[in-house]
Amino acid sequence: MTTTSVPLSWIDEITMEQLERNPYPIYERLRDEAPLAYIPVLGSYVASSAEVCRQVATSPEFQGFIPKTGARIFGHPAIIGSNGDLHKDLRAMIDPGLQPKQVDLYIEDMVRPIARHYIQQFENDGKADLVAQFCEPVSVRAVGDFLGFKDVSSDKLREWFHKLSVSFANVAVDSNGDFANPEGFRPADEAKAEIRAVVEPLLDKWTVEPDDGAISHWLHDGMPEGQVRDRNYIYPTIIALLLGALQEPAHAMASTLAGLFTNPEQLEAVIDEPGLIPRAISEGIRWTSPIWSATARENIQDTTVAGVHLPAGSVVMLSYGSANHDHGLYNAPSEYDLTRPPLPHLAFGAGKHGCAGIYFANTACRIALEELFEAIPNLESDQDRIGFWGWAFRGPESLHSKWEV
Ligand code: 261
């Protein structure tokens with residue numbers, strides 16, 4: 001009997017379960033030993049250090065690439081996987097309503113009443129799970145109303161993003177490169193069937209009766225009189241936003257609260273001085289980045305990055321959640337500390353595919369947390385250990401909290 005004597009690397013043994021429970025130890029080792037490495041269970045390369053993530057995200061040698069699960073769920077042309085003129089047109093379609101000058105016109109009147117509405121449901125209870133009762137409902141209501149889904153309940157919007165998200169994270173592949181768990185796409189398929197049934201009549205309506213919702217603008221803006229964009233053209237980007245845009249402000253708020261719960265003096269400082277909230281959020285999403293490892297690039301031609309030769313068409317996952325814990329940049333990166341020097345982080349990505357919703361998300365989260373701390377200044381954690389989950393997307397699973405009423 002002959003055996004090949006190639007020793008198995010620890011990298012070949014990495015499992016999705018490990019990554020989803022706690023990716024940080026594995027990634028610390030990757031950053032030290034192989035900041036650009038091929039990970040068999042993912043079927044792709046991973047960029048884990050701040051330098052390599054930034055380089056790959058911004059290099060003209062690379063273009064946007066939608067992870068395989070995203071292509072399976074969203075279809076083409078989703079904005080995160082589009083390039084060149086197609087990507088330019090999709091950005092030109094979604095960017096206008098997200099410019100700071102525009103956002104400032106509507107965000108106060110939109111988010112403050114939403115936050116107050118959900119706080120009123122639990123403020124007299126003396127306890128709440130702030131993920132399910134505050135962060136998620138506020139996030140989906142704000143972004144859902146912005147998009148035009150005013151008549152879809154917040155519970156339905158939450159269900160949709162959860163189903164899309166769990167399937168998007170179903171990235172494991174077998175040794176042939178096929179999905180290891182094909183049944184993991186069932187939640188997204190269920191959500192998409194419901195979404196289509198809701199979206200089709202709305203698109204019919206907005207075609208003849210445009211309103212101030214973002215998707216109505218996507219249909220009409222920049223089109224010749226009497227024409228609208230093809231719905232199949234905007235549909236994949238609608239689904240992408242029903243995942244990422246609905247989910248991530250919730251993660252951002254929840255991780256900020258979780259970080260502050262690890263540091264009660266800083267929680268108290270932020271409640272006393274609401275002007276600190278933007279710093280608290282910035283540190284929250286550095287500490288636990290919502291889009292932890294869900295975007296990718298591919299190189300157009302053969303290239304070498306961090307000493308690794310990449311044949312044209314290699315896929316590199318951008319593990320921003322790891323980049324944001326890079327010891328080369330941050331002192332004690334696994335500690336939440338809003339007083340750390342304000343270095344840039346990569347929670348909103350970088351380059352042409354950098355987050356379009358950065359100002360909307362930061363502002364919506366700020367307003368929501370202002371309302372929460374104002375209403376409940378004696379807020380404290382009611383959990384010994386806050387459980388986090390996720391490798392593609394990451395955040396606290398729950399935030400059981402209490403206060404004297
Ligand atoms: C709106 C951006 O949404 C996403 C970003 C990254 C991965 C999946 C997404 O749906």
Side-chain angles (χ1 to χ4, degrees), residues 20 42 44 46-47 53 56-57 63-83 87 90-91 93-98 103 136 139-140 142-144 146-149 157-171 184-185 187-189 191-192 195 199 214-215 218 234-252 285 289-298 315-321 323-324 346-362 364-365 390-395:
E20 284 168 337
L42 302 171
S44 72
V46 153
C53 278
V56 170
Q63 61 180 8
F65 182 86
I66 187 167
K68 239 173 109 158
T69 59
R72 160 77 174 70
I73 296 164
F74 304 155
H76 184 72
I79 191 163
I80 65 168
S82 300
N83 289 294
H87 181 246
L90 288 167
R91 279 304 281 241
M93 178 180 91
I94 75 162
D95 280 345
L98 294 169
V103 172
E136 291 188 356
S139 177
V140 302
V143 180
F146 165 76
L147 291 172
F149 295 111
L157 294 171
R158 289 174 61 212
E159 185 190 319
W160 285 349
F161 89 61
H162 276 290
K163 286 180 164 178
L164 295 169
S165 177
V166 74
S167 292
F168 189 103
N170 181 37
V171 294
F185 293 103
D189 291 340
K192 278 201 301 177
I195 291 165
V199 168
I215 296 173
W218 297 358
I234 64 174
Y235 201 76
T237 296
I238 294 176
I239 308 289
L241 268 74
L242 285 174
L243 194 183
L246 290 189
Q247 174 171 252
E248 302 324 338
H251 274 153
I285 60 182
S289 302
I291 301 201
W292 207 97
S293 190
T295 64
R297 301 286 189 273
E298 76 179 315
V315 175
V316 180
M317 290 297 301
L318 298 165
S319 290
Y320 290 133
N324 287 337
L346 282 163
F348 292 102
K352 285 191 177 137
H353 287 271
C355 179
I358 178 168
Y359 188 78
F360 181 112
N362 276 317
C365 291
W391 165 81
F393 310 105
R394 191 166 179 84

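We count ligands from 1, going down the list as the structure has it; atoms in each ligand are counted the same way. None of the values given here were measured: they were computed from a predicted structure.
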Quiz item: What pairs meet the salt bridge (Lys or Arg N to Asp or Glu O under 4.0 Å) rule with one or both residues in residues 64-76, with sequence neighbours excluded?
Solution: Arg72-Asp189

Practice problem: Quick one: sort the Phe393 and Phe168 rings into parallel, tilted or perpendicular, breaks at 30° and 60°. | Solution: tilted

Quiz item: Which atoms form the tightest heavy-atom contact between Pro77 and Leu90, and what is the distance?
Solution: O-CD1, 3.5 Å

Quiz item: Listing by chain and number, which residues have a heavy atom under 4.0 Å from ligand 1?
Solution: Phe74, Ile80, Phe168, Ala240, Leu241, Leu243, Gly244, Ala245, Ile291, Ala294, Thr295, Phe393

Quiz item: With a 3.5 Å cut-off and no angle check, do the side chains of His87 and Gln63 form a donor-acceptor pair?
Solution: no

Quiz item: Of the non-hydrogen atoms in Ala245 and Pro249, which two are nearest, and what is the gap between them?
Solution: O-CD, 3.1 Å

Quiz item: Looking only at side chains, do Glu248 and His251 share a donor and an acceptor under 3.5 Å apart?
Solution: yes

